[in-house]
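Both ligands and their constituent atoms are indexed starting at 1 by order of listing.
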Amino acid sequence: MSTASTPASNFIRTIIDADLATGRHRSIVTRFPPEPNGYLHVGHAKSICLNFGLAEDYQGKCNLRFDDTNPEKESFEYAESIQEDVRWLGFQWDGDVKWASDYFEALYSFAVELINKGLAYVEDLSADEMRQYRGTLTEPGKNSPYRDRSISENLDLFARMRAGEFADGARVLRAKIDMASPNINLRDPAIYRIRRAHHIRTHDAWCIYPMYDYTHCISDALEGITHSICTLEFEDHRPLYDWVLDNVSVECHPRQYEFSRLELHYTITSKRKLLQLVNEKHVSGWDDPRMPTIQGMRRRGYTASGLREFAKRIGVSKSENSVDMAIMEGAIREDLEPCAPRVMAIINPLKVTISNFDGAQAREADFHPNAPELGKRVVPFGRELYIEADDFAEVPPAGWKRLTLGGEVRLRHSYVMRCDEVVKDASGHVVELKCSIDHATLGKNPEGRKVKGVIHFLSCEHAIPAEIRLYDRLFTVARPDADREVDFCNYLNPDSLKVVQGWVEVAVQDAAPETHYQFERLGYFCTDRRDHRPKDRLVFNRTVTLKDSWTKEQA
Ligand code: ATP
Ligand code: MG
């Protein structure tokens with residue numbers, strides 16, 4: 001919603017600038033390569049903004065490529081949600097969606113090429129034996145007894161792997177690199193495995209599947225990617241990326257660059273763990289507004305432009321990118337502030353009866369003090385009002401500016417009101433206030449005195465009931481998955497969702513799903529994508545409070 005600011009520089013842009021200046025590339029091609037095995041999360045949003053953002057800024061191209069090499073975990077549901085998320089974030093990939101499975105035949109031929117060059121062999125050792133032969137970080141591995149098979153035997157066995165002659169896991173194809181390499185990724189990594197699994201696109205055409213490291217670099221090369229940007233855990237895989245491309249007949253050799261992955265406090269950024277939250281029903285689904293998924297954040301009311309601004313603010317580097325939620329919320333608030341219409345809602349009502357109501361009038365008010373184009377609505381007044389229970393204190397603390405017995409406040413967009421009497425139930429709880437208004441104060445300051453406090457209110461007769469969902473952080477600790485020994489679910493916040501029946505202005509009753517509002521003094525809210533129905537059932541999600549409660553609580 002806000003206007004785009006100029007992109008901040010980062011080491012990848014510096015590399016691209018140099019590549020364009022030296023003529024190494026005339027234009028750039030990046031890609032975003034998710035595996036369709038879950039919904040995208042905020043970390044992916046960072047990667048999307050980086051890859052698509054670079055293509056946009058440099059007038060290059062960015063591909064969306066599904067890395068669909070693990071058939072058991074992948075589905076079209078995930079692939080579709082990923083496409084929806086990329087588009088919602090405001091990006092469009094170049095041409096058709098690409099799939100690693102488009103290259104299965106080519107990948108197979110390149111593997112045959114490696115065998116013919118004496119650079120790949122069929123392994124008969126079991127997975128356990130392979131592990132024993134691999135060595136450790138401090139000890140070199142040792143060669144497999146099958147490493148020196150003849151080329152013709154390897155060609156024959158690999159063809160028979162493909163033909164389905166061997167059981168799952170009975171054999172693998174390995175790259176023949178160096179069992180003594182200090183980099184374990186180069187100790188003859190497996191590049192094909194046997195797996196009889198139904199694939200969403202190739203169905204049962206294949207019973208062997210290429211491994212990620214082998215597939216990824218070749219897919220990049222076939223697509224003419226110039227800058228293959230990934231997260232830092234792939235830094236040690238880069239020599240393998242380069243080895244494969246140096247040894248197969250592809251025309252282009254993309255360069256891989258690594259940046260640090262985003263970690264957002266009080267949440268988790270791992271599809272596997274998010275899936276666990278869904279499967280164990282700790283949340284209502286992938287799009288639960290407490291989830292750090294793009295779908296969840298969207299449903300909660302985070303805006304695409306706010307998320308893009310967040311990505312800009314956290315930057316791109318190789319140093320740790322562990323980010324406080326306050327940065328995200330600041331970006332979202334700033335995005336919504338200038339454009340979300342402001343209305344009144346009551347989440348914890350206390351009834352007020354106006355003793356001198358006769359002659360009181362409704363008043364027209366702007367939806368936004370600085371955005372007249374958002375229009376106006378009538379703010380109705382009535383004999384009975386709701387105010388927020390917290391806005392009344394019988395025994396006010398020092399500096400209290402809101403309502404108290406005998407005190408006055410301004411009702412937002414309406415009269416100055418005095419509390420004359422407090423009504424309590426048998427147990428001493430305040431259940432109602434009897435108040436009077438100063439009829440001379442509609443749109444005018446009172447004569448001869450100052451009234452400091454302003455509170456929001458609704459006329460009971462005109463208010464519309466609404467379900468209001470208030471969210472808090474999903475976990476009680478900043479890094480719920482820091483300790484591998486402890487299940488992160490132990491740190492789930494039992495109070496992360498509070499559903500209240502509240503009241504809203506009649507002006508919002510026609511709002512379509514995914515409409516953003518500021519509820520004055522309460523925060524930014526968004527009508528729910530799934531459950532909200534205009535006029536019929538109003539459901540609002542609190543996107544974010546108005547003030548930053550995160551940093552303060554932690555200070
Ligand atoms: P997860 O561990 O959540 O499954 P992943 O890296 O396995 O994530 P992919 O689908 O392979 O998921 O990711 C697609 C792209 O998104 C990759 O290029 C990956 O580097 C990037 N990515 C994933 N998580 C993050 C993160 N937390 N921060 C930045 N980029 C990320
Ligand atoms: Mg992955």
Side-chain angles (χ1 to χ4, degrees), residues 10 12 30-55 62-75 77-83 85-86 89 91 93 97-100 211-213 215-217 219-220 223 225 227-238 241 254-279 286 291-297 307-308 310-323 325 327-328 479-482 484 488:
N10 59 51
I12 295 174
T30 57
R31 85 286 170 270
F32 173 64
E35 184 180 355
N37 64 344
Y39 283 69
L40 298 182
H41 54 64
V42 64
H44 297 111
K46 172 180 177 173
S47 178
I48 292 170
C49 290
L50 174 61
N51 281 294
F52 285 94
L54 286 170
C62 181
N63 290 348
L64 173 63
R65 182 202 315 137
F66 288 113
D67 163 39
D68 54 342
T69 51
N70 281 309
E72 296 99 324
K73 293 184 174 163
E74 297 163 359
S75 76
E77 177 197 338
Y78 294 140
E80 271 150 31
S81 78
I82 289 169
Q83 294 175 59
D85 288 349
V86 171
L89 272 173
F91 298 108
W93 48 91
V97 170
K98 315 278 192 288
W99 301 79
M211 303 296 283
Y212 174 83
D213 279 329
T215 309
H216 189 70
C217 52
S219 307
D220 279 351
E223 292 175 13
I225 302 298
H227 299 81
S228 176
I229 304 167
C230 61
T231 39
L232 272 173
E233 65 271 24
F234 290 101
E235 195 168 26
D236 291 344
H237 298 236
R238 189 182 346 125
Y241 186 103
R255 296 287 158 205
Q256 174 181 305
Y257 300 99
E258 309 88 16
F259 68 100
S260 48
R261 55 193 295 127
L262 167 67
E263 283 173 51
L264 193 58
H265 292 177
Y266 291 96
T267 191
I268 47 180
T269 44
S270 150
K271 276 185 281 189
R272 186 179 58 74
K273 292 174 188 163
L274 294 172
L275 179 62
Q276 186 182 334
L277 291 178
V278 173
N279 284 342
W286 285 99
M291 290 279 270
T293 51
I294 296 179
Q295 295 271 333
M297 294 188 290
L307 279 168
R308 292 199 303 268
F310 167 71
K312 207 171 285 170
R313 289 181 189 180
I314 61 173
V316 175
S317 75
K318 284 184 175 285
S319 49
E320 196 190 10
N321 195 213
S322 175
V323 175
M325 195 60 104
I327 313 242
M328 169 70 89
R479 292 162 190 260
D481 53 355
R484 281 183 196 200
F488 61 93

Counting both backbone and side chain atoms, is some N or O of [X] under 3.5 Å from an N or O of ligand 1?
X: E35; value: yes
X: P33; value: no
X: E233; value: no

Fill in: Aromatic ring proximity, centroids under 6.0 angstrom, F234 and Y212
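That pair passes the under 6.0 Å test.
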
Discussion item. Tell me the contacting part of F234 for ligand 1: side chain, backbone, both, or neither, using a 4.0 Å heavy-atom threshold, strictly below.
Written reply: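 No part of F234 comes within reach of ligand 1.
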
Practice prompt. Indicate, as side chain, backbone, both or neither, the part of R272 found under 4.0 angstrom from ligand 1 when only non-hydrogen atoms are considered.
Written response: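 None of R272 does.
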
Worksheet item: Who gets closest to atom 1 (P) of ligand 1 by heavy atom: K46, K271, K273, H216?
Response: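 The nearest heavy atom belongs to K271.
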
Worksheet entry | Residue selection (non-hydrogen contact nearest atom 2 (O) of ligand 1) among H44, E263, R261 |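 That would be R261.
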
Write down the atom of [X], the atom of [Y], and the distance for their closest heavy-atom approach.
X: Q295; Y: W286; answer: CB-O, 4.5 Å
X: P34; Y: I82; answer: CG-CG2, 3.8 Å
X: G38; Y: K271; answer: CA-CD, 3.9 Å

Item to complete: Can you measure from CG (L50) to CG (L54) and round to the nearest 0.5 angstrom?
Response: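 Answer rounded to 0.5 Å: 5.0 Å.
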
Worksheet item: Which residues satisfy the ring pair (Phe, Tyr, Trp, His ring centres under 6.0 Å) test with H44, sequence neighbours excluded?
Response: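 Only H41 meet the ring pair (Phe, Tyr, Trp, His ring centres under 6.0 Å) criterion with H44.
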
Worksheet item: Residues two or more places apart in sequence or in another chain: which of them pass ring pair (Phe, Tyr, Trp, His ring centres under 6.0 Å) with F52?
Response: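 Expected list: F91.
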
Fill in: Close side-chain approach of L232 and R261, heavy atoms under 4.5 Å
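The answer is no; the side chains never approach within 4.5 Å.
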
Which atoms from ligand 1 have a heavy atom of [X] less than 4.0 Å away?
X: S270; answer: 3 (O)
X: S47; answer: 16 (O), 21 (C), 30 (N)
X: G43; answer: 25 (C), 26 (C), 27 (N), 28 (N), 29 (C), 30 (N), 31 (C)
X: P34; answer: 10 (O), 14 (C)

